[in-house]
> 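Sharing a structure with you now.
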Amino acid sequence: MKKERKTYADRLIGLIFPRRCPVCGGIVLPRGELICPDCVKKLSPVKQPFCKCCGKEVESDRFEYCFDCSRHPKSFRQNFALLNYNDAAKRSMAAVKYKNKREYLDFYSQAACRRFGRQILRAKPDVIVPVPVHASRLRSRGFNQAQVLAEKIGRNLGIAVCPEGLKRIRRTLPQKELDSAQRLHNLQKAFGPGSLPDGTETVLLVDDIYTTGSTLEACTRILLSMGVKAVYGLTICVGRGV
Ligand SMILES: [Zn+2]
Ligand SMILES: [Zn+2]
């Protein structure tokens with residue numbers, strides 16, 4: 001894992017464009033930090049015990065898996081999830097996507113590497129694949145937050161990023177009314193195989209939020225059908241966001 005070292009240019013940029021806090025949006029003090037010391041307390045890191053599959057907190061360590069993962073076993077090995085999707089996280093993730101606050105992802109990617117870097121390196125992913133967004137969304141938003149995250153994490157951990165590993169074929173309609181089987185069915189039609197470097201056996205899939213897990217599951221199934229042997233996930237948030 002790389003230690004982020006501040007160059008003279010970084011410091012100069014910091015003076016001209018002060019860093020904004022991913023939680024309150026204000027200028028972060030002290031300079032050089034990525035989040036206000038008080039705001040970091042508003043985020044809720046996932047605590048033990050958590051589901052060994054999706055990374056969601058579970059009520060008691062008597063349960064290895066959450067209700068959902070024990071009822072619907074997943075095709076990915078494990079999802080590393082950093083934060084519970086509480087109000088502060090929800091607002092922050094929405095600002096990244098809809099207010100173009102991609103600089104907030106510096107904090108989240110660094111925090112994710114600190115917490116899961118060792119475990120990820122132990123899993124030996126050949127590449128990191130971001131969950132793709134549809135081209136029309138990419139045009140209106142200007143970037144794919146999952147790809148920005150993947151690139152920052154890849155740089156930090158020294159793992160290659162392969163944004164073309166999966167394709168987004170179509171947009172998905174709002175999924176709130178659907179049950180999990182329908183969601184999955186819908187999503188499997190939304191993604192398609194892209195291209196991976198020859199011999200790719202292990203993939204780390206990166207996305208911003210894990211809610212029902214249908215997206216990660218659909219993407220994993222496609223990667224497995226492309227000959228990948230093991231898929232891990234990394235999402236900044238996990239939970240239903242309510
Ligand atoms: Zn703040
Ligand atoms: Zn689970």
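Just follow the structure's listing: the first ligand is 1, and inside any ligand the first atom is 1. Because the structure is predicted, anything quoted here is derived from the model rather than measured. Here, residue 1 is the first one in the sequence, and each next residue gets the next number.
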> Rounded to the nearest 10°, what angle sits at the Zn ion (ligand 1) between SG of Cys21 and SG of Cys39?
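Value returned, to the nearest 10°, is 110°.
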> For Phe67, does the CZ atom sit with more than 12 other heavy atoms under 6.0 Å from it, leaving out its own atoms?
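No, not enclosed.
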> Can you name the nearest heavy-atom pair linking Pro130 to Val161, along with the distance?
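Reported closest heavy-atom pair: CD-CG1, 4.3 Å.
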> May I have the angle between Cys36 SG and Cys24 SG with its vertex at the Zn ion (ligand 1), rounded to 10°?
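Centred on the Zn ion (ligand 1), the SG/SG angle is 110° (to 10°).
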> Flag Cys53 as yes if one of its N/O/S atoms falls below 2.8 Å of the Zn ion (ligand 2), otherwise no.
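Here the distance criterion (N, O or S atom, under 2.8 Å) is not met by Cys53, so no.
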> Report the angle formed at the Zn ion (ligand 2) by atom SG of Cys54 and atom SG of Cys69, rounding to the nearest 10°.
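That angle works out to 110° after rounding to 10°.
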> Do Gln119 and Arg115 have side-chain N/O donor and acceptor atoms under 3.5 Å apart?
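Short answer, no.
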> Atom NZ in Lys74, atom CG in Asn79: separation rounded to 0.5 Å?
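With rounding to 0.5 Å, NZ (Lys74) is 10.5 Å from CG (Asn79).
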> How large, to 10°, is the angle at the Zn ion (ligand 2) when you draw lines to SG on Cys51 and to SG on Cys66?
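Output for this angle: 120°, rounded to tens.
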> Do the rings of Phe80 and Phe116 sit parallel, tilted or perpendicular, given the 30° and 60° boundaries?
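The rings of Phe80 and Phe116 sit tilted, inter-plane angle from 30° to 60°.
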